[in-house]
Undergrad: 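First the structure, which I've put down as structure tokens, then a few questions once you've had a look.
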Amino acid sequence: MTKIENARQQRNIVVTVAILAAVALAFYLFSFIQNWR
Amino acid sequence: MATAHHDEHPSGLGRWLMTTNHKDIGTLYLLFALVMFFVGGAMALVIRAELFQPGLQVVDPHFFNQMTTVHALVMVFGVVMPAFTGLANWLIPMMIGAPDMALPRLNNWSFWLLPPAATLLIISLFVPGGGPAGGWTLYPPLSVQTGMGMDFTILSVHLLGMSSILGSINIIATILNMRAPGMTFMKMPMFVWTWLITAYLLLAVMPVLAGAVTMLLTDRHFGTHFFDAAGGGDPVLFQHVFWFFGHPEVYILILPAFGVFSQIIPTFARKPLFGYDTMVYATASIAFLSFIVWAHHMYTVGMPLAGELFFMYATMLIAVPTGVKVFNWIATMWRGSMTFETPMLYAVAGVFTFTMGGLTGLMLSIAPADFQYHDTYFVVAHFHYTIFGGSVLALMGAAYYWLPKWTGHMYNERLGKWQFWLTMIGFHLAFFPQHFLGLAGMPRRIPDYALQFTEFNQWSTVGAFVMGFAQLLLLYIVVQTIRSGRKAGAKVWEGAEGLEWTLSSPPPYHSFAVAPDIK
């Protein structure tokens with residue numbers, strides 16, 4: 001794997017993790033919001 | 001990554017505490033699950049010992065209720081989920097031609113959250129007021145009113161959830177970004193596919209469970225009334241939030257098992273998996289449907305008729321993709337050159353037993369009929385046929401199938417077959433009579449029962465102890481295989497396909513530092 005390919009893979013992993021963490025947080029908050037009335 | 005150091009092979013306690021190696025972490029998960037299997041199994045035997053005859057003889061009712069609750073929590077969160085995560089850790093990088101997981105340090109943390117979580121759960125049994133005793137579903141108002149053991153449980157569930165969320169992020173990031181060149185999505189082994197879909201389920205629903213138990217905690221200690229009718233809340237809302245997690249959760253327990261069956265059956269039928277594409281779509285369909293069926297667990301709370309009908313029909317729909325999978329496994333075996341080594345016995349038995357559990361699930365999905373079955377032993381029989389008969393049998397099959405790959409030694413085939421048959425006889429003896437008990441009206445989660453239920457309960461208890469004994473044999477076989485046994489070659493099984501079988505047995509500490517060629 002070249003240096004550029006490696007850097008691209010690292011960047012893709014970081015982006016994937018950021019999106020997935022945001023989804024998990026959204027579901028956590030969602031479980032409260034539907035109760036808050 | 002590509003710059004892995006080949007000579008690095010730490011040893012001692014530090015190796016296990018600080019490891020970032022997917023194989024080591026996989027081993028840790030599997031050993032943890034095995035230990036918890038015996039902890040949860042011992043609790044099951046306490047339950048069955050008490051139920052051997054009517055009246056109260058072995059434990060007091062409050063402790064009995066703690067046993068039913070903690071047995072379930074241990075088996076779901078401490079055994080089946082960690083065991084499948086262990087398989088994922090060991091196998092996914094090797095199956096997709098990656099050198100390791102995408103986030104190895106996070107991987108270490110995901111595992112090491114588990115022992116403290118399990119410790120909290122177990123010591124909850126020894127604090128004033130005892131452990132959680134209202135069932136694994138932790139329904140309020142009971143879970144708001146019980147002692148500090150519930151706080152231990154809530155913290156434990158938070159830690160277990162964190163571990164699962166981090167693990168699933170890692171698995172998705174690995175599968176999306178670390179596949180070897182040429183390993184397209186539709187070339188991935190089914191086990192990898194089922195885990196990818198399972199990881200998405202985990203990511204969506206574990207935070208919801210965390211939300212539910214956080215609200216329980218604030219209701220208990222911080223003056224909120226989420227689930228308190230007297231304060232304007234609603235205990236039924238907890239059930240909705242819980243089962244929004246809980247139903248996908250049961251698919252989290254079974255989808256990786258489907259992946260295991262899809263690896264083992266083609267190997268021993270010596271044919272490629274029939275209907276690979278449809279398997280992928282069926283798995284995704286089951287995952288999608290799992291989000292819109294949760295209220296079938298609570299038909300009896302008093303829902304509008306339209307709600308009951310929606311959840312009933314949606315639940316019945318799940319039988320379609322599940323049927324596709326079962327037919328595909330049968331078609332894979334059709335006219336295959338089959339042999340029945342222990343992993344294949346477990347896979348065939350698992351498909352059969354899970355299908356029995358699936359059919360009783362279809363019976364339970366019928367709302368008017370469920371009013372009769374609800375909270376009876378019929379439900380207990382149903383979910384043990386799916387979780388033990390599906391998930392745990394798949395795990396045992398997987399252990400026999402990949403143990404030679406992991407350890408470099410063959411297990412003892414004769415003992416493996418004994419262990420299989422003892423487990424199966426014990427299992428069916430323990431759980432088949434429970435269908436009749438439930439249909440006759442015996443409620444679940446009770447330490448005592450009416451006289452007419454005695455005989456079936458006695459069969460059930462004998463079966464449970466046979467099953468328990470068979471697991472001691474499993475332990476012996478695993479230890480024997482690790483310590484000795486015939487040397488296993490790279491391709492342990494004649495019909496096995498996949499990248500993990502191109503590596504030596506045991507595989508090198510760092511594998512696929514250079515990406516393999518994918519045909």
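In what follows, chains are A, B, ... by sequence order, proteins preceding strands, each numbered from 1.
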Undergrad: Using non-hydrogen atoms and a 4.5 Å limit, figure out which bit of Leu166(B) sits close to chain A: side chain, backbone, both or neither.
TA: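 Contact with chain A: none, neither part.
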Undergrad: Locate the shortest heavy-atom distance separating Gly211(B) from Ser31(A); write the atom from each residue and the value.
TA: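 Looking at all heavy atoms of both residues, the shortest contact is CA-OG, 3.3 Å.
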Undergrad: Which heavy atom in Tyr200(B) sits nearest to a heavy atom in Leu20(A), and how many Å separate them?
TA: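 Closest approach of Tyr200(B) to Leu20(A): CE2-CD2, 4.2 Å.
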Undergrad: If you count every heavy atom of other residues, nucleotides or ligands that lies below 6.0 Å from Trp109(B) atom CH2, does the total exceed 12?
TA: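 No.
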Undergrad: Among Ile172(B), Thr224(B), Ile165(B), who wins on heavy-atom pairs under 4.5 Å with chain A?
TA: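 With the most close heavy-atom pairs to chain A, the winner is Ile172(B).
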Undergrad: Taking salt bridge (Lys or Arg N to Asp or Glu O under 4.0 Å) as the definition, give me every residue that meets it alongside Arg220(B), ordered by chain and number, with sequence neighbours left out.
TA: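 Only Asp151(B) meet the salt bridge (Lys or Arg N to Asp or Glu O under 4.0 Å) criterion with Arg220(B).
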Undergrad: Yes or no on side chain to side chain contact (heavy atoms under 4.5 Å, CB included) for Asn177(B) and Gln10(A), after CA distance, side-chain angles and deciding distance?
TA: CA-CA 9 Å; Asn177(B) 298 302; Gln10(A) 301 257 22; over 6 Å; no
Undergrad: Where does Ile169(B) contact chain A at under 4.5 Å (heavy atoms): side chain, backbone, both or neither?
TA: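 It is both, since atoms from each part get that close.
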Undergrad: Return the CG to CD1 distance between Leu203(B) and Ile19(A), rounded to the nearest 0.5 Å.
TA: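 These two atoms lie 11.5 Å from each other.
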Undergrad: Most heavy-atom pairs under 4.5 angstrom with chain A, which of Ala210(B), Ala204(B), Ser168(B)?
TA: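 Max contact count across the listed options: Ala204(B).
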Undergrad: Please give me the minimum heavy-atom distance between Ala173(B) and Val17(A), naming the atom from each residue.
TA: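 In this case the closest contact between Ala173(B) and Val17(A) is CB-CG2, 4.3 Å.
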Undergrad: Counting neighbours of CZ on Phe185(B) that are heavy atoms of other residues, nucleotides or ligands and sit closer than 6.0 Å, is the number greater than 12?
TA: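 Yes, enclosed.
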Undergrad: Does any backbone or side-chain atom of Leu176(B) lie under 4.5 Å from a heavy atom of chain A? Answer side chain, backbone, both or neither.
TA: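 Only the side chain of Leu176(B) comes within 4.5 Å of chain A.
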Undergrad: Could you check whether the rings of Phe226(B) and Phe32(A) sit parallel, tilted or perpendicular, using 30° and 60° as the cut-offs?
TA: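 The rings of Phe226(B) and Phe32(A) stand perpendicular, inter-plane angle above 60°.
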Undergrad: Using the side chain to side chain contact (heavy atoms under 4.5 Å, CB included) rule, take Phe27(A) and Phe245(B) through it: C-alpha gap first, then chi angles, then the decisive distance, then the call.
TA: CA-CA 10 Å; Phe27(A) 271 95; Phe245(B) 145 79; over 6 Å; no
Undergrad: Nearest 0.5 Å, what's the CE-CG distance between Met178(B) and Asn12(A)?
TA: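 Answer for the CE-CG pair, Met178(B) versus Asn12(A), is 11.5 Å.
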Undergrad: How would you list, by chain and number, every residue that makes a side-chain hydrogen bond (donor to acceptor under 3.5 Å, both in side chains) with His22(B), sequence neighbours excluded?
TA: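 Not a single residue meets the side-chain hydrogen bond (donor to acceptor under 3.5 Å, both in side chains) criterion with His22(B).
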